[in-house]
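Some notes on the structure that comes next.
Just so we're on the same page: letters track the sequence lines, and every chain starts at 1. Not measured: the values here are computed from a predicted model.
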Protein chains: 2
Amino acid sequence: MAEAKMIKLRDVAEAAGVSQGTASNVFNRPELVREEVRERVREVARTLGYAGPSPKGRLLRSGKVNAIGIAAAEPLSYFFADPWARRLLTEVAEVCDARGAGIALVSVAGGKHLAWSIESALVDGFLLRCGGRELLVEVTQRRGLPFVALSLDTSEPDVPAIDIDDFGATRMAARHLLALGHRRFAILGIGLGPGPGRVPPEEVRATRFVNVRERARGYWAALTEAGIAEDMVPIHAVQNDGGNVGAALDLILAAEERPTALLAMSDLVALEALKALEARGVRVPEEISVVGFDGVPEAAESIPPLTTVEQPYRRIAERSVSAILDDDLPAGREILPLTLVVRGTTAPPVSG
Amino acid sequence: MAEAKMIKLRDVAEAAGVSQGTASNVFNRPELVREEVRERVREVARTLGYAGPSPKGRLLRSGKVNAIGIAAAEPLSYFFADPWARRLLTEVAEVCDARGAGIALVSVAGGKHLAWSIESALVDGFLLRCGGRELLVEVTQRRGLPFVALSLDTSEPDVPAIDIDDFGATRMAARHLLALGHRRFAILGIGLGPGPGRVPPEEVRATRFVNVRERARGYWAALTEAGIAEDMVPIHAVQNDGGNVGAALDLILAAEERPTALLAMSDLVALEALKALEARGVRVPEEISVVGFDGVPEAAESIPPLTTVEQPYRRIAERSVSAILDDDLPAGREILPLTLVVRGTTAPPVSG
DNA sequence: GCGGAAAGTTGAATCGGTTCAAAATATGAT
DNA sequence: ATCATATTTTGAACCGATTCAACTTTCCGC
């Protein structure tokens with residue numbers, strides 16, 4: 001039942017009466033081989049059932065696996081469950097596919113097991129989906145393979161990282177609302193504790209998540225340009241997974257001067273807010289405008305479709321795959337811009 | 001900047017004054033090496049910055065890549081978009097992870113490109129997500145690596161395939177409803193044309209999708225047991241992605257003897273039906289019960305949560321990964337049972 | 001018919017390890 | 001001490017290809 005015995009290039013060469021080198025050329029640089037010989041070798045290969053040079057041999061010789069590893073400090077299911085991961089991975093997969101490269105998923109959720117996967121995966125380099133844990137970076141450094149850190153939280157200057165311009169993006173989001181005429185805002189912030197409850201600016205500045213800080217700074221920058229002070233804009237803590245959004249909203253809507261626009265630090269939260277708003281009979285965008293952050297696929301499907309700033313998934317994918325495969329690692333932290341996608345949840349505020 | 005020069009096992013052995021064989025043992029079978037020597041080699045390795053034996057060398061020698069390829073005749077994004085694929089892949093990923101094996105995703109969507117990926121992926125074998133296209137099987141056979149066909153549609157006896165018991169599952173679903181007291185049914189069928197519209201049994205038997213035929217047979221078998229004839233149960237064609245479910249429902253609800261139970265050939269369709277039913281003000285399960293098929297994660301989240309027959313994702317994953325990695329290919333088509341998951345969309349029919 | 005260039009082919013080295021029979025060394029019993 | 005046995009270590013073969021310098025053959029023009 002087992003494959004009798006894999007025939008190898010040498011067998012073919014022998015059977016065809018040529019040197020192994022020539023046989024190799026038949027498959028890799030056929031133009032170097034005389035047609036007659038080429039055909040003969042091919043014929044023999046066919047007869048013997050030789051499927052072409054095995055990638056294994058090639059790998060060893062060339063050193064290139066032609067595959068990149070994607071690692072996260074989460075269970076593997078994370079890659080298929082999280083919207084951000086799915087979206088990015090789709091692009092990464094496509095980019096790799098176009099280049100004929102493979103992708104290998106590796107999880108490092110289980111403490112000790114961690115080192116193993118990263119240290120033994122057969123890849124040319126890694127994409128690290130960080131999120132604060134520098135442990136991932138450390139382990140990967142030990143392996144000695146090139147890697148790119150994605151959404152790395154610490155700002156160590158010497159680790160190659162590709163990141164997004166959180167500051168510019170949220171500033172853009174706020175400016176969009178400002179341009180529409182909004183003057184009263186509320187922010188739905190993540191990474192600021194479980195919520196619900198208003199979080200003072202100092203506390204926001206003190207969070208250990210850089211991206212949260214930057215997003216807040218971006219909102220404030222735009223608002224300040226328009227003459228709106230930080231304190232005028234309440235930041236409410238909600239959970240990363242959308243928990244407590246309803247509660248936060250109740251607080252926000254109860255204010256005497258109800259805001260006309262909502263800035264959410266993630267699409268997931270914005271989407272949750274949309275649902276909560278509908279449940280409370282508040283019409284979007286007529287009564288209140290909402291802007292998200294991330295540009296997950298679901299954002300285009302909501303009712304109404306969500307206005308948001310979209311991460312440059314494709315570019316992140318292209319840049320990081322190229323970094324690994326073309327040996328073109330970013331020197332430090334490289335920052336990519338997001339784009340504002342205006343959809344149905346933003347409109348001018350009702351006058352009065 | 002580039003890694004000075006990768007030090008290899010031989011360098012370490014040399015520097016430590018032992019043979020390469022001993023050095024190899026230090027890393028792979030340390031118990032064979034005297035403690036003193038072992039520590040010395042380890043120390044030298046550390047000093048030199050040797051990260052342990054490179055997987056590349058090991059691969060060539062052992063022949064095992066320790067990774068399995070997952071291929072579909074769809075763009076790579078399919079793996080992250082389709083609920084079934086995501087669910088199964090999550091399990092596959094987990095099973096592989098537990099065994100320290102990697103997974104590589106390969107798409108064969110682009111016609112000619114097809115051969116390349118499958119033929120050059122660095123894996124020990126493939127999981128083929130078929131769906132009628134035997135082309136995938138053919139190409140993979142040419143590569144000569146072990147493979148398992150998942151949801152293969154043709155029933156060629158000699159290709160190793162792992163499948164689910166469609167017949168038993170739908171029979172179970174129908175029996176559940178029957179046991180609750182239902183007597184009037186309608187079936188939402190896929191793979192029977194675009195719909196909407198009732199499809200006669202002969203036509204259902206003639207569809208080229210075996211699984212659709214089997215699912216219908218399962219429903220009929222249970223119904224017949226209970227003395228309900230095939231013709232008494234309308235099968236309505238809807239689209240695979242849930243298209244036309246609303247239209248089909250309108251037809252079904254318009255019947256003079258409105259059915260009290262709905263059998264859907266996929267969760268996606270059932271979920272869509274739930275939405276359409278709600279939009280039409282028909283209460284589930286009070287006025288009508290609904291049973292799905294597949295057990296996708298979303299089925300647990302719907303309101304009310306969907307009663308369905310769940311595919312044995314974990315077992316499919318385990319069985320197929322083991323088939324590849326343990327060289328334990330199914331001889332032909334191997335069939336796994338599904339389980340009925342009773343949730344909130346089924347209840348006894350209102351009497352009268 | 002000859003020299004030189006072009007085209008085609010060969011053979012050996014190499015990639016980075018693992019494996020295993022055989023050799024060397026240590027241990028224990030007598 | 002001595003021999004048998006157990007523990008370590010060695011060295012060379014091997015895994016399946018690619019690469020390239022060197023060698024052979026073919027082709028051309030004169």
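For the pair A/Arg34 and C/dG8, the criterion of a side-chain N or O lying under 4.0 Å from OP1 or OP2 is not met. Listed pair B/Tyr50 / C/dG16 fails the phosphate criterion, with no side-chain N or O lying under 4.0 Å from OP1 or OP2.
Put simply, CG on B/Leu59 is 11 Å from C1' on D/dA17, counting in whole angstrom units. The distance from atom CZ of B/Arg38 to atom C1' of D/dT9 is 14 Å, rounded to the nearest whole Å. Atoms CD (A/Glu36) and P (D/dT26) sit 11 Å apart, rounded to a whole Å. Atom C1' of nucleotide C/dT10 and atom CG of A/Leu32 are separated by 14 Å, given to the nearest angstrom. Atom pair B/Asn28:CG and C/dC20:C1' shows a separation of 14 Å (rounding to whole Å applied). Atom CG of B/Asn25 and atom C1' of D/dT7 are 13 Å apart (whole Å). Taking atom CZ of residue A/Arg10 and atom C1' of nucleotide C/dG11, one finds them 13 Å apart after rounding to whole Å. Put simply, CG on A/Asp124 is 14 Å from P on C/dG16, counting in whole angstrom units.
Evaluation of atom-type donor-acceptor distances gives a pair under 3.5 Å for the side chain of B/Gln20 against the base of C/dG17.
Among all heavy-atom pairs drawn from A/Phe147 and A/Ile324, the shortest one is CA-CD1, 3.8 Å. A pairwise comparison of heavy atoms in B/Gly63 and B/Asp124 identifies O-OD1, 4.0 Å as the closest pair. What you find for B/Leu325 and B/Ala101 is that their closest heavy atoms are CD2-CB, 3.7 Å.
Side-chain proximity of A/Leu9 to D/dT9, D/dT19, D/dA17: nearest is D/dA17. Among the nucleotides C/dT10, C/dA13, C/dT18, the one closest to the side chain of A/Arg61 is C/dA13. Distances were taken from every side-chain heavy atom of B/Ser24 (C-beta onward) to each of C/dT19, C/dT10, D/dT10; the shortest belongs to C/dT19. Each of C/dT9, C/dT19, D/dT18 was ranked by its minimum atom distance to the side chain of A/Thr22; first place goes to C/dT9. Listed candidates were D/dT18, D/dT19, C/dG16. Nearest to the side chain of B/Leu60 is C/dG16. The listed nucleotides are D/dC15, D/dT9, C/dT10; the one nearest the side chain of A/Lys8 is D/dC15. For B/Val37, whose side chain is taken as the heavy atoms from C-beta onward, the closest listed nucleotide among C/dT9, D/dT18, D/dT9 is D/dT9.
Note on B/Ser54: only backbone sugar-phosphate atoms sit closer than 4.0 angstrom, heavy atoms only; bases stay farther off. B/Arg29 comes within 4.0 angstrom of sugar-phosphate atoms only, judged by non-hydrogen atoms across all strands, and of no base. Counting non-hydrogen atoms under 4.0 angstrom, B/Phe27 reaches nothing in the nucleic acid. A/Gly21 comes within contact range of at least one nucleobase, with a heavy-atom separation under 4.0 Å.
Here B/Arg319 does not pair with B/Asp326 in a salt bridge; the nearest charged N to carboxylate O distance is not below 4.0 Å. Taking the charged nitrogens against the carboxylate oxygens, B/Glu91 and B/Arg87 do have a contact shorter than 4.0 Å, which makes a salt bridge.
Here the two rings, on A/Phe27 and A/Tyr50, have centers that are under 6.0 Å apart.
The residue among B/Glu35 and A/Ile7 whose nearest nucleotide of DNA chain D lies closer to the 5′ end is B/Glu35. Sequence order on DNA chain D of the closest nucleotides to A/Ser62 and B/Gly57 puts B/Gly57 first from the 5' end.
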